[in-house]
Amino acid sequence: MIMKGQKISDRYQIIKSIGEGGMANVYLAYDTILDRNVAVKVLRGDLSSDEKFVRRFQREALSASSLSHPNIVEVYDVGEDNGQYYIVMEYIEGKHLKELLKKRGKLTLSEVIDIMLQITDGMSMAHDSYIIHRDIKPQNIMIQENGVVKITDFGIAMAMNATQLTQTNSVMGSVHYLPPEQANGKGSTLQSDIYSMGILMYELLTGKLPYKGDNAVEIALKHLKETLPSIKEELPDLPQSVENIIIRAAAKNPKNRYSDAREIHEDLLTCLDDSRKDEPKVKLEYPEILPEDGKSPKKVSSVKKEEKVKEKESKEEIPIAKQITGNDLKKQNKLLIILASIFTGLVVIITSVVLLIPALTTQKELTIPDVAGLSELEAVQKLQEEGFIVSDKIETTISSEIPEGKVVRTNPIEGSKRTKGTTVTLYISEGDSKIEVENYIGQDYTYVQGLLEGKLQVLIEKKETEDQNAEQNKVIGQSVEPGTKLSEGEYITLYIPNIDKYPDFTTGDYTADDVKEYLKEYEITVNVVEQVDTTHTKGTVIKQSRKAGDPIIRGVTITITVAKEADKEPEDPTKPKDPDATDEPCTTPGLC
């Protein structure tokens with residue numbers, strides 16, 4: 001853990017912690033050389049010894065440092081200090097959009113268009129560099145007091161042209177903004193960011209998320225299967241041009257979406273123009289749910305066009321031959337005889353060529369042997385002995401039956417007939433693609449997330465627990481039993497404790513009603529006891545039966561003691577009153 005006042009690389013002095021993530025912790029620091037505040041993202045200590053995490057962290061730095069745009073948080077420096085890997089970034093003072101939505105509920109149309117124009121402008125630059133953010137959501141969009149938007153956390157962005165990355169990288173974005181292709185276990189593309197921006201725009205305008213559910217898996221399935229709710233039902237006065245942008249951006253089929261951020265940015269620039277007021281509702285060209293063969297059917301317009309062409313061809317009339325004279329007919333007969341002779345000669349020659357050449361050149365066909373289960377060397381030797389050439393390019397494939405490193409199949413396939421010298425390609429097994437789930441209970445959930453990166457899609461959910469010793473970041477349960485084998489891209493949910501702690505109600509700021517209101521959502525019974533106390537304000541809490549810092553457990557009882565004034569002693573009605581007594585205060589010295 002990095003402490004306040006500590007210096008990184010003898011330059012960046014830590015001021016305070018400002019955030020924690022799955023891979024890294026973020027600190028506000030002071031750059032002692034350039035005299036400015038910066039944000040320092042430091043790889044978590046428990047991960048810095050893992051080579052895989054370090055490589056990913058370094059890729060993050062290189063990917064983010066290549067981007068320089070007013071709407072993207074700038075990366076200043078990348079380095080390592082005593083085994084601590086860090087990135088130094090621009091420090092942004094402002095709120096993220098999620099905080100703004102909680103405060104405002106929803107934003108105005110002009111505000112949303114302005115914010116989306118800034119986001120798409122910044123993302124256009126990223127997409128031009130073939131960098132995918134993969135986690136567009138309100139929490140990763142900062143807005144400063146001057147209205148400038150900054151896209152943060154390109155730390156999990158993926159450079160599409162980076163050869164060390166594949167399309168099977170795990171889903172990292174929040175499930176509420178998850179593109180269908182990622183929910184389906186497929187890779188991210190530039191259009192995956194477009195989908196997340198469409199969902200974000202819907203939320204900014206309505207203050208609601210289009211897909212909700214009891215758990216992350218249910219929400220992910222809705223992204224795959226359910227039609228996007230009509231935003232016009234929420235906002236009837238919304239211009240159709242704006243709804244059209246959301247429909248295209250949040251289309252389930254990537255073929256119906258904008259191709260990249262620059263295309264949606266250009267559409268946003270004119271969506272509020274008067275010329276687009278009466279724009280018709282957009283109709284998506286391709287089906288939102290693809291057929292099982294994965295191929296998109298032809299556009300309706302193309303099919304109709306083909307039918308019309310065929311219909312036209314069938315109705316065309318054959319032109320009537322011109323009438324000819326008797327002399328012309330004789331001349332034509334002679335010409336036909338000559339042409340027929342030439343044609344007959346050509347037929348004889350061609351037939352001879354067709355029949356004789358194969359007979360002279362045809363080689364004996366050989367059968368490609370079955371080499372499945374053999375090692376690469378054994379397969380090569382066997383194929384060469386049979387008279388085939390083995391391709392230098394070796395392909396790999398997943399197999400649950402053939403051990404890793406052994407041959408699965410060939411191309412052309414075994415048993416097929418080929419001539420001697422045909423080139424054969426070997427397909428080598430990468431082994432069983434299924435991942436065996438371990439027991440993750442008791443481990444730090446961020447470490448488990450990193451461990452399963454690129455293999456399974458890990459979802460995190462908070463869960464109530466009565467274990468008072470439970471640690472906030474430790475896994476207390478998992479949705480898949482240890483020993484179960486899952487295919488790559490399948491989901492596993494890790495449960496962490498939903499731990500909230502009692503505040504100190506005796507600070508003088510809480511009344512009995514305040515405490516009841518505070519604990520209402522936890523279904524806690526509050527017993528109130530009054531006690532005479534002249535040192536505290538009447539009605540404020542002076543004692544609590546459960547100590548500040550104890551975990552709040554749903555449904556229990558707490559007793560609080562509130563201050564009250566001392567009761568006045570009642571007057572004795574039988575006691576005679578002093579005739580000289582007066583209610584006036586004594587002012588005569590020596591007599592009082």
Side-chain angles (χ1 to χ4, degrees), residues 67-74 92 94 96-97 100-101 104 106-138 140-152 154 157 177 179 189-207 210 228 230-232 234-251 253-285:
L67 301 173
S68 179
H69 189 278
N71 298 119
I72 296 177
V73 172
E74 189 174 353
I92 306 298
H96 54 65
L97 289 183
L100 190 61
L101 282 172
R104 297 267 305 277
K106 61 183 179 180
L107 307 184
T108 65
L109 176 59
S110 59
E111 286 174 328
V112 172
I113 298 302
D114 178 56
I115 289 170
M116 292 306 301
L117 280 170
Q118 294 186 66
I119 293 172
T120 54
D121 194 25
M123 289 305 302
S124 293
M125 186 199 177
H127 284 185
D128 288 345
S129 302
Y130 299 100
I131 293 176
I132 312 170
H133 189 287
R134 297 203 309 154
D135 198 19
I136 296 290
K137 58 184 179 182
N140 284 339
I141 309 294
M142 300 292 294
I143 185 163
Q144 298 173 287
E145 291 295 329
N146 59 2
V148 174
V149 166
K150 293 277 188 177
I151 306 168
T152 70
F154 267 90
Y177 311 88
T189 67
L190 300 179
Q191 290 172 301
S192 301
D193 283 343
I194 300 298
Y195 182 89
S196 300
M197 284 190 272
I199 300 297
L200 171 64
M201 188 172 176
Y202 184 104
E203 183 183 12
L204 293 178
L205 284 167
T206 65
L228 183 74
S230 172
I231 193 170
K232 292 277 280 183
E234 293 283 337
L235 305 168
D237 297 330
L238 188 74
Q240 186 59 56
S241 55
V242 176
E243 186 189 28
N244 287 346
I245 290 175
I246 294 173
I247 292 172
R248 282 192 64 192
N253 189 337
K255 288 187 177 182
N256 289 324
R257 291 182 214 152
Y258 297 97
S259 58
D260 57 23
R262 193 167 298 284
E263 188 176 354
I264 186 175
H265 179 77
E266 290 173 356
D267 206 359
L268 283 162
L269 285 171
T270 61
C271 68
L272 298 182
D273 290 357
D274 291 339
S275 59
R276 296 186 62 181
K277 279 185 177 179
D278 300 321
E279 182 175 283
K281 186 173 182 178
V282 68
K283 292 184 179 179
L284 301 178
E285 296 182 24

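Numbers for residues simply follow the sequence, beginning at 1.
Taken to the nearest 0.5 Å, the CG atom of L117 stands 10.5 Å off from the CG atom of D267. Within the model, atoms CG of L268 and CD of Q118 stand 12.0 Å from one another, a figure rounded to the nearest 0.5 Å. Residue D128 holds its CG atom at 10.5 Å from CE of M123, rounded to the nearest 0.5 Å. Taken from CD1 in I143 to CG in L107, the straight-line distance is 8.0 Å, to the nearest 0.5 Å. To the nearest 0.5 Å, atoms NZ (K150) and CD (E74) are separated by 7.5 Å. Atoms CD1 and CD1, from I245 and I194 in turn, are 11.5 Å apart once rounded to the nearest 0.5 Å.
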With side-chain contact (heavy atoms from CB on, under 4.5 Å) as the criterion, how do L284 and N253 come out once you've worked through the C-alpha distance, each side chain's angles and the decisive distance to 0.1 Å? CA-CA 9 Å; L284 301 178; N253 189 337; over 6 Å; no

For L205 and I246, run side-chain contact (heavy atoms from CB on, under 4.5 Å): C-alpha distance rounded to whole Å, both residues' side-chain angles, the deciding distance at 0.1 Å, then the answer. CA-CA 11 Å; L205 284 167; I246 294 173; 3.8 Å; yes

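The side chain to side chain contact (heavy atoms under 4.5 Å, CB included) search around S241 returns P239, C271, R276, E279, not counting sequence neighbours. Partners of H265 by side-chain hydrogen bond (donor to acceptor under 3.5 Å, both in side chains), not counting sequence neighbours, listed by chain and number: T120. K106 meets the side chain to side chain contact (heavy atoms under 4.5 Å, CB included) test with L235; sequence neighbours excluded. Residues satisfying the side-chain hydrogen bond (donor to acceptor under 3.5 Å, both in side chains) criterion with S196, sequence neighbours excluded, are absent altogether. Q144 pairs by the side-chain hydrogen bond (donor to acceptor under 3.5 Å, both in side chains) definition with nothing, not counting sequence neighbours. Scored by the side-chain hydrogen bond (donor to acceptor under 3.5 Å, both in side chains) test, E234 finds K208 as partners (sequence neighbours excluded).
Judged by distance alone, the side chain of T108 and the main-chain N or O of E111 form a donor-acceptor pair under 3.5 Å. Judged by distance alone, the side chain of D273 and the main-chain N or O of S275 form no donor-acceptor pair under 3.5 Å. Between the side chain of K281 and the backbone N or O of Q240 there is no donor-acceptor pair closer than 3.5 Å. Here the side chain of N140 pairs a donor or acceptor atom with the backbone of D135 at under 3.5 angstrom.
Annotation: side chain of L228 is in contact with side chain of I199 (closest heavy-atom distance under 4.5 Å). Counting only heavy atoms from C-beta outward, the side chains of I141 and I151 approach each other to under 4.5 Å. The side-chain heavy atoms of I113 and L272, taken from C-beta on, include a pair separated by under 4.5 Å. Side-chain atoms of I119 and N71, non-hydrogen and from C-beta on, never get closer than 4.5 Å to each other.
Across all their heavy atoms, A251 and N256 have their closest contact at CB-CB, 3.6 Å. Here the closest non-hydrogen pair linking Y202 and I231 is CE1-CB, 3.8 Å. Contact record, R248 with Y258: NH1-CE2, 3.3 Å, taken as the closest heavy-atom pair. In terms of heavy atoms, D260 sits closest to L190 at CB-CD1, 4.3 Å. The shortest heavy-atom contact between H69 and M125 is CB-SD, 3.6 Å. Across all non-hydrogen atoms, the minimal contact from M197 to A261 is CE-CB, 4.1 Å.
Each of H133, H127, R134, R257 was checked for a side chain to side chain donor-acceptor pair (under 3.5 Å) with D193, and the lone residue meeting it is H127.
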